[in-house]
Participant: 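Structure below; questions to follow.
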Amino acid sequence: MSFRYEIRLSGAGGQGLILIGKIIAEAAAIYEDKNATQSQSYGPEARGGASRSEVIISDSDIDYPKATNIDLLLAMTQEAADKYSNEIKPGGTIVMDSGFVHEAPEGDFKSHGFPITNIAEEQIGKKIVANLVALGIITELSGIISDDAVINAIRARVPKGTEEMNINAFRAGQNLIRSS
Amino acid sequence: MNPRTSMMQGNIAVAEGAIAAGCRFFAGYPITPSTEIAEHLARSLPLLGGRFMQMEDEIAAMGAVIGASLGGMKSMTATSGPGFSLKQENIGYASITETPVVIVNVMRGGPSTGIPTLPSQGDVMQARWGTHGDHPIIVLTPAGVREAFDMTVQAFNFSERFRVPVILLLDEIIGHVHEKVTLPDPEDLVVIDRKKPTVPPEEYLPFEIDETMVPAMANFGEGYRYHVTGLVHDQTGFPTMDEVKIEMMLNRLHGKLDKYADEIIQVEETGTEDAEIGIICYGSSARSARQAMRELRDEGIPVGMLRIKTMWPFPTDRIRAFADRVSHLVVPELNLGQIAHEVEHASCDRAEVVRVNRITGDPIHPEEIVQKIKECR
């Protein structure tokens, strides 16, 4: 059986979930020698509304590019946590922004809650890099892509001049797991 | 790492394919989920000496690409359902004037404004019969990012070679998914340009009937003056009411695609040799089907699939031959069974046609196909 790892990044439009989906996929497929797809689903609103981004990582061809049996779910809103936690596979992982998810869903999965957006504001000084903090947590918990690959992908994807701030946010996310 | 390898979105692959095929004119009006094609070409074409025009609406955009093509530019427009509806009248004009153009439709949920951001395959019949009257058309439908690139090149080649509008039908999933692709070296691509007249201007018949069935096309501005009209015309391009000339013209218009049908009609067969149950699929539904087939084969159930790459002209003969060898043909589609109906016609009761449909904006889950096939046994 070939290796397939499914990540769903869910929350609201404007939280940068599509961007970190692209970074994870590029880290795996371009900066490492795996296969990956990234797809997205959002509503007609320009901002706000439910948004989700999915990344499939595999060592072989990826036919169906959507998540069916989630290894890792990131929930940045209560709505996302409620809606998608039942699609996590047994023994999978949920990462929640505890600043928004006040009632953690229960199930056969490992649960990690951090005030992700608050940490971005307090440690980096900007709420908008909460997605990169989440990326650090995901990288550390999943263990399927290397730090170097992710950092290379961050540098290639974020706006010029913001690389260090984004990488610091990513490190802050990693440290949450390393120190816990 | 190969510098031509990247994570690329289907829509961007279409834009890159157009550039590689020699497209230097794009006119359009932005609409989800096709907008990335326009965005990419708005940035890229001016750097290549080409032109990008955002028009006031989709009708004007379709007119602009026809005009640009008559002027000698390989031209493309891109849209989604509501815009595709608006383009239909001018698609008929391109068809009767035999103007090479490529129209991309990234399908979203319909009818009308529908479900703008979610996938659908609801326009497969409109792509064939959206404009009025019997008319020739070629419709290609990719199932992945690399194929979106290749088929865009092919769409231009077919349109130039056969002087016919070619529609590239993607669905939102194929348009928006990012996949790892390695694009071919431009030197390895086959790029076909329209046949030019070899006679002096005074002897040029713009719609001449010869054994190739495809008349030579002079570009406006090269010294050849001729008449272009949506009225049925004779070999000179002027309107005619002569029934012999009408018949000759329309027979050639349709006959040119019949003559080259073997080249135009393409399918991909996987596991069809030993299959007991078949799947007929296309676009993103083929991705669901391939995963379902893989799971079923792992369980020892011999399933094969025929993926439609050329939607129109329809691969009736290939599907009929497959129907002869299997008990059932399962047809997953993100619509209420538009192609299943064509498959029934092709199958002629040789195999039972079973539908798997979804119109809620969700893709078809591979497990739905797996279950349906197990019920067939």
Side-chain angles (χ1 to χ4, degrees), chain A residues 1-2 4 6-7 9 13 18-70 83-84 87 145 149-150 152-153 156-157, chain B residues 1-10 12 31-33 36 108-109 113-119 143-146 171-182 270 281 283-295 298 305 307 332 360-370:
Chain A
M1 193 65 189
S2 62
R4 180 177 169 112
E6 302 189 348
I7 300 173
L9 310 161
I18 291 173
L19 175 67
I20 58 168
K22 286 178 182 169
I23 291 171
I24 296 169
E26 279 188 356
I30 304 300
Y31 299 100
E32 287 184 9
D33 198 23
K34 296 188 175 78
N35 245 313
T37 62
Q38 184 269 331
S39 65
Q40 54 217 23
S41 177
Y42 51 85
E45 307 89 348
R47 54 188 69 78
S51 171
R52 70 175 202 246
S53 168
E54 292 180 353
V55 183
I56 314 294
I57 298 171
S58 176
D59 55 3
S60 57
D61 289 347
I62 298 165
D63 293 325
Y64 189 63
K66 300 282 182 181
T68 55
N69 206 10
I70 300 170
K83 196 169 170 188
Y84 300 130
E87 294 178 58
I145 31 175
V150 178
N152 283 331
R157 272 283 165 189
Chain B
M1 173 64 68
N2 184 327
R4 301 189 61 77
T5 300
S6 66
M7 284 299 284
M8 185 176 278
Q9 190 188 60
I12 303 300
I31 181 168
T32 299
E36 294 83 3
R108 67 190 217 180
T113 316
I115 325 170
T117 57
L118 299 183
V145 175
R146 171 60 201 264
D171 53 66
E172 186 274 343
I173 296 175
I174 303 302
H176 276 163
V177 73
H178 284 75
E179 291 190 288
K180 183 179 184 175
V181 289
T182 302
T270 317
C281 53
S284 69
S285 302
R287 307 285 292 253
S288 310
R290 203 180 290 143
Q291 181 148 330
M293 182 175 128
R294 202 184 283 208
E295 287 172 24
D298 283 347
M305 71 180 240
R307 180 167 69 86
T360 53
D362 300 310
I364 294 173
H365 196 296
E367 206 53 38
E368 291 177 67
I369 301 171
V370 168

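A, B, ... follow the sequence lines: proteins, then strands. Residue 1 opens every chain. For clarity, every value in this text was computed on a predicted model and none was experimentally measured.
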Participant: Let me confirm one number: the OH-CD1 distance from A:Tyr64 to B:Ile364, rounded to the nearest 0.5 Å.
Facilitator: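 A:Tyr64 OH to B:Ile364 CD1: 8.5 Å, rounded to 0.5 Å.
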
Participant: To the nearest 0.5 Å, what is the distance between OG (A:Ser60) and CZ (B:Arg294)?
Facilitator: 5.5 Å

Participant: What I'd like to find out is whether the side chain of B:Met7 reaches to under 4.5 Å of the side chain of A:Ile23, using heavy atoms alone.
Facilitator: no

Participant: Can you list the residues that meet the side chain to side chain contact (heavy atoms under 4.5 Å, CB included) rule with B:Glu367, with sequence neighbours excluded?
Facilitator: B:Glu295, B:His365, B:Val370, B:Gln371

Participant: With a 4.5 Å heavy-atom cut-off, do B:Leu118 and A:Ser41 have their side chains touching?
Facilitator: yes

Participant: Is the shortest heavy-atom distance from the side chain of A:Ile62 to the side chain of B:Gln291 under 4.5 Å?
Facilitator: no

Participant: Would you give the length of the straight line joining atom CD1 of B:Ile173 to atom NZ of A:Lys66, rounded to the nearest 0.5 angstrom?
Facilitator: 5.0 Å

Participant: Name the option with the most non-hydrogen atom pairs under 4.5 Å to chain A; the candidates are B:Val145, B:Ile115, B:Val177, B:Thr117.
Facilitator: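 That would be B:Thr117.
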
Participant: Starting at CD1 of A:Ile56, measure out to CD of B:Glu179 and round the result to the nearest 0.5 Å.
Facilitator: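 Result: 11.0 Å between the selected atoms.
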
Participant: Return the minimal non-hydrogen interatomic distance between A:Lys34 and B:Lys180, and the atom names on each side.
Facilitator: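 Closest approach of A:Lys34 to B:Lys180: O-NZ, 3.1 Å.
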
Participant: Once side-chain hydrogen bond (donor to acceptor under 3.5 Å, both in side chains) is applied, do any residues pair with A:Ser53, and if so which ones, sequence neighbours excluded?
Facilitator: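 Counting only residues at least two positions away or on another chain, A:Ser53 forms a side-chain hydrogen bond (donor to acceptor under 3.5 Å, both in side chains) with A:Gln38.
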
Participant: Between B:Arg287 and A:Asp61, is there a side-chain N and carboxylate O pair less than 4.0 Å apart?
Facilitator: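 Looking at B:Arg287 and A:Asp61, the cut-off is not met.
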
Participant: Who wins among B:Ala143, B:Ser288, B:Pro116, B:Ala292 for the most heavy-atom pairs under 4.5 Å with chain A?
Facilitator: B:Ser288

